[in-house]
Amino acid sequence: MERESHDQRINSRPDLVLIDGDRESNNIWRQWAPITPIIDMGEIERIEVVKGPSSVLYGTDALGGVINIITKTPDFALKDEWAFNNGATGIYSSVDEGWYGRYRLSGGGHGFDFMLGASGRDNDNYEDGSGNEVNNSQFKNQAFDFKSHYYFTQIIL
Amino acid sequence: MEIRDNEIDDMGVTFKPNSPYFHFTEYDNQTYKLAYDGKNIGFFDSIHSNVFYTEQERSVEGKAFSDDQPIMWVFCMH
C-alpha cells in the first residue's frame, strides 16, 4: 500500500478512500500515493474493496471503486467487570533495513472502553530484485491513535 | 470518540529513475472524530450522527527530474 502509484487506481479511474465508512481524508488525499499517510497500518483491522463505479451508494469520487479501511476497535464496554489488554509488535525488514514497532493498550468495562496505540517506523531505500537500491523509497513516521466508546444506558444482550 | 495523529518526517517518492532526490519532509495528518448512536429515542427508532475534523500539513523537497533522462519541453505558438 505504501508503494501505490498515481496510476494504480482501480480501473484507472479515481477511487474513493473511506476510513470506517467516513470520507475523512479523501478530499485532501485526492488520489495522492500512498494511502498510508492518513493512517498507521498497525491500526487497520481489514480493508474492504468495492470494484467498479459505486457513486449511487457512496457519492462522488467513487468512479473506479471504493476502498474502505476498517480500523481495530475495543470491545470491553459490555462487560460487567474491568478488563485490560496490551500488546506490542515489532517487525524488521532486511530489504530496506527497516523496523516497525507498535504498542497497544486497550481496556474497559461497565459501559466504557478505550484503545490507545503508538507506533514508529523507519525504512531506508529498499533494494530491487537485482540488488540495486531504489532511490527515494525511504519512509519514516510516528503515529498515535486513541479510540473510546461510552454507553449512556445499560445494554442488555 | 477517536483521535488519530500520523506524522511522517521523511517519505521518498520514486518520481523517476535516477532522479537525484525527491521526498516529503513533512506529511502530517491529524483526525478528530466524534460519533453518537441512539436507539428508541422518541419518534425515532435509531439515530446516528458523526462529525469529524481532519488537518494535514505537507512539505516536499527535491529535484524532480532526472539528469540522465531530461524532459524536453516544446513550445508552439500559433
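Lettering of chains follows the sequences in order, A, B, ..., and the numbering in each one begins at 1. These figures come from a predicted structure and were not determined experimentally.
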Asker: Under a 4.5 Å heavy-atom cut-off, does chain B meet the side chain of A:F152, its backbone, both or neither?
Answerer: side chain
Asker: What's the spacing between B:T54 OG1 and A:I19 CD1 if we round to 0.5 Å?
Answerer: 7.5 Å
Asker: Between CG of B:D9 and CG of A:D122, what distance do you get to the nearest 0.5 Å?
Answerer: 9.0 Å
Asker: Using non-hydrogen atoms and a limit below 4.5 Å, what part of residues 33-44 of chain B faces chain A?
Answerer: B:K33, B:Y36
Asker: Are A:Y92 and A:V95 connected in the hydrophobic side-chain network, where two residues link if heavy atoms are under 4.5 Å apart?
Answerer: no
Asker: For the hydrophobic clusters of this structure (ILVMFWY residues joined by side-chain heavy atoms under 4.5 Å, transitively), does one cluster hold both A:F139 and B:V60?
Answerer: yes
Asker: Linking I/L/V/M/F/W/Y whenever any side-chain heavy atoms sit under 4.5 Å apart, do A:I67 and A:I70 land together?
Answerer: no
Asker: If you draw a 6.0 Å radius around CD in A:E45, do more than 12 non-hydrogen atoms from other residues or ligands fall strictly inside?
Answerer: yes
Asker: Any chance you could pull the hydrophobic cluster mates of A:V56, using side-chain heavy atoms under 4.5 angstrom and chaining through other members?
Answerer: none
Asker: Taking side-chain contact (heavy atoms from CB on, under 4.5 Å) as the test, write out the residues that go with B:Q30, two or more places apart.
Answerer: B:D5, B:E7, B:D28, B:Y32, B:E55, B:E57
Asker: Count I, L, V, M, F, W, Y as connected when their side-chain heavy atoms are under 4.5 Å apart, and connections chain through other members. Are A:I69 and A:V49 then in the same cluster?
Answerer: yes
Asker: With a 4.5 angstrom heavy-atom cut-off, could you sort out which part of B:N50 is near chain A: side chain, backbone, both or neither?
Answerer: side chain
Asker: Do B:R4 and A:I39 have side chains that approach each other closer than 4.5 Å (heavy atoms only, starting at C-beta)?
Answerer: yes
Asker: Look up atom NZ in A:K147 and atom CD1 in B:I3, then write down how far apart they are to the nearest 0.5 Å.
Answerer: 12.5 Å
Asker: Need one label for A:S119: side chain, backbone, both or neither, based on atoms under 4.5 Å from any heavy atom in chain B.
Answerer: neither
Asker: B:I47 and B:F52: same hydrophobic cluster, using ILVMFWY side-chain contacts below 4.5 Å?
Answerer: no
Asker: Hey, is CD on A:E97 packed in by over 12 heavy atoms from elsewhere, all under 6.0 Å?
Answerer: no
Asker: Taking side-chain contact (heavy atoms from CB on, under 4.5 Å) as the definition, give me every residue that meets it alongside A:N86, ordered by chain and number, with sequence neighbours left out.
Answerer: A:Y103, A:L105
Asker: Please round to the nearest 0.5 Å and tell me the distance separating atom OG1 of A:T73 and atom CD of B:E2.
Answerer: 8.0 Å
Asker: Determine whether a donor-acceptor pair (N or O, by modelled atom type, separation under 3.5 Å) exists between the side chain of A:N136 and the backbone of B:F22.
Answerer: yes
Asker: Can you tell me how far apart CG (A:D124) and CG (B:D10) are? Round to the nearest 0.5 Å.
Answerer: 9.5 Å
Asker: Roughly how far, to the nearest 0.5 Å, is NZ of A:K140 from CE of B:M11?
Answerer: 14.5 Å
Asker: Can you give me the closest heavy-atom contact between A:N141 and B:N6, atom names plus distance?
Answerer: ND2-OD1, 2.6 Å
